[in-house]
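Protein chains get the first letters and strands the later ones, always in sequence-line order, with residue 1 at the start of each.
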Amino acid sequence: MTSKNDDPLGDIAEEETLRPVGGTEGAATGTTVPPYMAALNPAQREAVEALEGPVLVLAGAGTGKTRVLTTRLAHILATRSAWPGQILAVTFTNKAAREMKDRIGHLIGGVVEGMQWLGTFHSIGAQILRRHAELVGLKSNFTILDQDDQIRLLKQLIEAEGIDEKRFPARVLAALIDRWKNKGLTPAKVPPGEAHSYAEGKGIDLYRAYQERLKTVNAADFGDLLLENLRLFQENPDVLKSYQERFKYMLVDEYQDTNVAQYLWLRLLAQGSKNICCVGDDDQSIYGWRGAEVDNILKFEKDFPGAKVVRLEQNYRSTPHILGAASGLIAANEGRLGKTLWTELKDGEPVRVLGLWDGEEEARHIGDEIEALHGKNVPLHEMAILVRASFQMREFEDRFLTIGVPYRVVGGPRFYERREIRDANAYLRLIAQPDDDLAFERIINVPKRGLGKVAMQTLHTAARAQGTPLMQGARALVETDELRGAARRSLAGFVAMIDRWRALIDTLPQDELAEIVLDESGYTEMWQNDRSPDSPGRLENLRELVRSMEQFDNLAGYLEHISLVMDADQQDAADRVSLMTLHSAKGLEFPVVFLPGWEEGLFPHQRSLDENGLAGLEEERRLAYVGITRAKQEARISFAANRRMHGSWVSSLPSRFIDELPEEFIEMDAEQGLYGGSGSRFDEANPVQSSYDSPGWQRMKRASETRSKGQFPQVIDEVSRLVATNDPSAASYQTGDAVRHPKFGAGVIAEVDGNKLLVEFETGTKRVIASFVEPA
DNA sequence: CTGGAGGATCTTTTT
DNA sequence: GATCCTCCAG
């Protein structure tokens, strides 16, 4: 057993008292409950003990899902049903994998070391692929490309095809290819009908060319880690069989988020032992945009005949108010498996909903509340702000810096995505894997080596003619006279430099090698000579990078880490407020949760509605559900009437999700003079509320009418009713009218377009909604 | 070949 | 507002 720790399970695991299994059977046979199971409720225990055959655990939010998963693992090991190396345990995120490792460590101690098959789909896929790389046309040291590299590579292919990249952006093609890969479709398997969705049918050719190119540069993208695995298994039955025999037990976390490729992969592997246990919650499926198929969880029983289904419905996390609000909201979704969450906790505070003027004020208000709570001894790390889109974080960061509240951004701008880090990594990648053309191109002229466009063109042509990667092409090119003096010398020097470093891989620790590379390449010097204000920061980042490399076994280990475990989240113990997106909040919990930005267009996000219609809306609603259910004691929702987006001001209506929260669990409040922020339900009860009959408010109502026509009928009806019964003299504006805007000050109308005005303010011309200006 | 200026385009969520 | 890209002048 492990030493003492904070985890209640850890403590329980140490207790000597063993209780008999419930009922007579246990007593009669003298069976005892293993200590690690003592803390489980009957449903949880059922999920843990059903080791043989397929099992689906439907685990609602806060019902102890992770506890069940980890206990189940402990149970397999404790009953000696399998060795650690015979268990496949897949999670969706690195965070989840890490947490599972930690908790198993607490439960059973050192055995976790042997659990080499515990990880994300992608890291396990990469692990398997490296062992059999040659079978799918790769070398075992292949590079894993991130999205950025992927798009760069596609851009080259698109241009080579003579396609206008402006009209058919590489990112669109990348998305298309990803979608295919997520569905498990190799180029040969793409249905003919779908092939036409990019550049008049060139999509499929480009996909094929892309896959070939990846093999040439010895690289795989994220989708390949699974797709190539599938291909490996399908084309090599003996390999598949060896893994089927190896994995006696399979555990899958967040099953609702698996895509088709992952599903096929699991199904192939599960045909061996049939002992597959999937845990998930259809109400928390929020990765549809990444190819996740809620269907996978909905049809589990059909796919795995004889499956046992266990429902976990007792919630240990949230108060009844929070649970009630969340359940009421999610009830608006169709096509759910349906669960009834309940709790033994007492009522607590209602969920608070607050309307504010703009994003800045929202940040100020939440900042104040955080300070107030902190004053009442709520530690900062017990509070979190969960936003829909990362650009919302900025206002909070600004505010926290101003008032001096320490915060941490979870999953924010990643360390490894910074330019200097990517550059440094490109050097290291090229040393480790000379065929990595993307790395080559990134750093060939960084720092400046006089190898610009012309030289690169020559090199590209030469390399393509020989059908070799750029590094080899360069090696050959410097032997010829195709390049002129300076460029030729420079390129030869570059090749020699890389070779020299490569020779050091096995003799020097990777951090020392990195230091030498950064130094000798002139990269560090480049930033030292740079006068821009952020160069000191970049140099510090580079030092940090070298420092952090120490912890890896070798260079390859480091590179694997940065491509797959890109989240560099610092688990620092300091007392800080957490700031993150709703997506990265999944699986976490906080006593106090702030949910800002509940506005139509932002949440639910317009793009989600546009691209996926009802399905998109339902996914957004699940995201809202995930958000609320993160809260243990208090959830505070807010929305702003105005928000700055891409530099200009946009006014918005409160989210429809606010209307869907059951009244009995919430408490509404809105600022005076807001457009009626309390939501439609408020108006229904009292259509001509004192502060809501101002001309501005009436105009807002009309504005909402035109703005939202056809989008959310229930609001429209009320709006039209109000408009019909109140203030028929619509205050309309004309070009040339002088107006005043609360944010931009005085201005003159340049153009009227329905309820939208183009106004020339002193600070510039802006498009604003009519209801936000007053006649001046 | 380099550097800077100006312009276009975008920002949902992540392995 | 920010970043990425293109174009033009040294």
Side-chain angles (χ1 to χ4, degrees), chain A residues 90-97 119-126 144-148 150-152 155 165-166 169-171 175 178 181-182 220-227 254 257-259 261-262 285-292 386-395 398 410-414 416-417 419 445-457 484 486-487 490 530-532 560-567 580-586 597 601-612 616 619-620 622-624 626-627 643-650 764:
Chain A
V90 265
T91 63
F92 207 63
T93 63
N94 294 302
K95 205 191 292 164
T120 63
F121 275 102
H122 291 87
S123 67
I124 289 172
I144 298 168
L145 300 186
D146 64 15
Q147 204 180 339
D148 196 79
Q150 190 187 3
I151 287 175
R152 273 164 206 267
K155 206 173 269 182
E165 208 263 337
K166 289 252 164 56
R171 43 186 309 113
D178 266 347
K181 288 189 173 178
N182 287 337
D221 65 17
F222 280 115
D224 279 346
L225 295 180
L226 280 152
L227 185 70
E254 308 282 13
D257 285 329
T258 51
N259 61 35
Q262 288 160 339
S285 165
I286 54 174
Y287 285 100
W289 52 275
R290 218 172 80 189
L386 312 183
V387 297
R388 171 70 248 266
S390 43
F391 77 85
Q392 291 171 263
M393 292 191 198
R394 197 195 171 111
E395 270 160 337
D398 285 352
V410 178
R414 293 146 208 274
Y416 296 116
E417 278 170 15
R419 187 171 137 202
N445 205 26
V446 179
K448 301 272 178 289
R449 295 191 178 87
L451 294 166
K453 222 154 108 194
V454 179
M456 277 311 286
Q457 232 153 38
R484 291 166 178 274
S490 187
D530 190 287
R531 316 287 302 159
S532 72
E560 187 86 348
H561 176 87
I562 55 152
S563 21
L564 290 174
V565 194
M566 298 227 297
D567 62 341
M580 69 190 93
T581 64
L582 286 159
H583 281 87
S584 42
K586 191 161 75 157
L602 176 58
F603 193 31
H605 200 280
Q606 193 58 47
R607 222 162 123 177
S608 189
L609 302 182
D610 290 347
E611 287 171 11
N612 294 304
E619 180 153 317
E620 295 285 306
R622 290 193 291 267
L623 200 47
V626 167
R643 195 170 286 283
R644 208 203 319 246
M645 280 173 111
H646 347 126
S648 57
W649 287 91
V650 177

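- Among the atoms of the strands shown, only primed sugar atoms or phosphate atoms (P, OP1, OP2) are found under 4.0 Å from some heavy atom of A:Phe92.
- Of the possible polar contacts, none joining the A:Ser608 side chain to the A:His605 backbone as a donor-acceptor pair under 3.5 Å is found.
- Mapped onto DNA chain B by nearest heavy atom, A:Met456 and A:Ser608 fall at different nucleotides, with A:Met456 at the one closer to the 5' end.
- With rounding to whole Å, A:Asp178 atom CG is found 16 Å from B:dT13 atom P.
- Between the side chain of A:Asp257 and the backbone N or O of A:Ala292 there is no donor-acceptor pair closer than 3.5 Å.
- In this structure, CG of A:Leu386 is placed 14 Å from P of B:dT13, rounded to the nearest angstrom.
- Rounded to whole angstrom, the span from the NZ atom of A:Lys181 across to the C1' atom of B:dT14 amounts to 16 Å.
- Using cut-offs of 30° and 60° on the angle between ring planes, the pair A:His122 and A:Phe222 is perpendicular.
- For A:Asn445, no side-chain nitrogen or oxygen approaches OP1 or OP2 of B:dC1 to under 4.0 Å.
- Between the side chain of A:Asn94 and the backbone N or O of A:Leu564, at least one donor-acceptor pair lies under 3.5 Å.
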Which atom pairs link the protein and nucleotides 5-11 of chain B when you take only N or O atoms and keep those under 3.5 Å?
residue : atom : partner  : partner atom : Å
B:dT11  : OP2  : A:Arg171 : NE           : 3.4
B:dT11  : OP2  : A:Arg171 : NH2          : 3.2

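- Listed pair A:Thr581 / B:dT14 meets the phosphate criterion, a side-chain N or O lying under 4.0 Å from OP1 or OP2.
- When the nucleotides C:dC5, B:dC1, B:dT13 are ranked by their closest atom to the side chain of A:Lys453, B:dC1 comes out on top.
- Using a 4.0 Å heavy-atom criterion, one finds that A:Glu619 contacts no nucleic acid atom at all.
- Distance noted for atom P between B:dT13 and C:dC4: 16 Å (whole Å).
- Taking atom CD1 on A:Ile124 and atom P on B:dT15, their separation rounds to 15 Å, with Å as the unit.
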Contact list (N/O, under 3.5 angstrom) for nucleotides 8-10 of chain C vs protein:
none

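- When each of B:dT14, B:dT15, B:dG3 is scored by its nearest atom to the side-chain atoms of A:Trp289, the top-ranked nucleotide is B:dT14.
- Side-chain proximity of A:Asn94 to the nucleotides B:dT15, B:dT2, C:dA2 is greatest for B:dT15.
- When heavy atoms are screened at a 4.0 angstrom cut-off, A:Arg419 is found touching no nucleic acid atom at all.
- Of the charged side-chain nitrogens involved, none lies within less than 4.0 Å of a carboxylate oxygen, so that A:Glu395 and A:Arg644 do not count as a salt-bridged pair.
- A side-chain donor-acceptor contact under 3.5 Å links A:Gln262 to the backbone of A:Asn259.
- Distance, A:Phe222 CZ to B:dT13 C1': 15 Å, rounded to whole Å.
- Nearest to the side chain of A:Ala455, among B:dC1, B:dT14, B:dT2, sits B:dC1.
- A heavy-atom distance below 4.5 Å is not found between the side chains of A:Glu611 and A:Trp289.
- Distances shorter than 4.0 Å separate some side-chain N or O of A:Ser390 from OP1 or OP2 on B:dT13.
- Side-chain to base pairing of A:Arg388 with B:dT13: one donor and one acceptor N or O lie within less than 3.5 Å of each other.
- Closest to the A:Lys155 side chain, of the nucleotides B:dT14, C:dA2, C:dC5, is C:dC5.
- Checking C:dA2, B:dT15, B:dG3 against every side-chain atom of A:Thr120, the shortest atom distance belongs to B:dT15.
- Nearest-nucleotide positions on DNA chain B for A:Gly450 and A:Gln147 put A:Gly450 closer to the 5' end.
- Using modelled atom types, one side-chain atom of A:Asp221 and one backbone atom of A:Asp224 make a donor-acceptor pair closer than 3.5 Å.
- Note: CD (A:Gln392) to P (C:dG1) measures 19 Å, nearest angstrom.
- Summarising the geometry, the separation between CG on A:Leu609 and C1' on B:dT13 is reported as 14 Å, rounded to the nearest angstrom.
- B:dT13 atom P lies 16 Å from atom CG of A:Asp610, rounded to whole Å.
- Using modelled atom types, no side-chain atom of A:Lys181 and backbone atom of A:Ala261 make a donor-acceptor pair closer than 3.5 Å.
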Apply the test side-chain contact (heavy atoms from CB on, under 4.5 Å) to residues A:Met580 and A:Leu386: give CA-CA distance (whole Å), side-chain angles for both, the deciding distance (0.1 Å), then the verdict. CA-CA 5 Å; A:Met580 69 190 93; A:Leu386 312 183; 3.6 Å; yes
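- Between the side chain of A:Arg622 and the backbone N or O of A:Ser285 there is at least one donor-acceptor pair closer than 3.5 Å.
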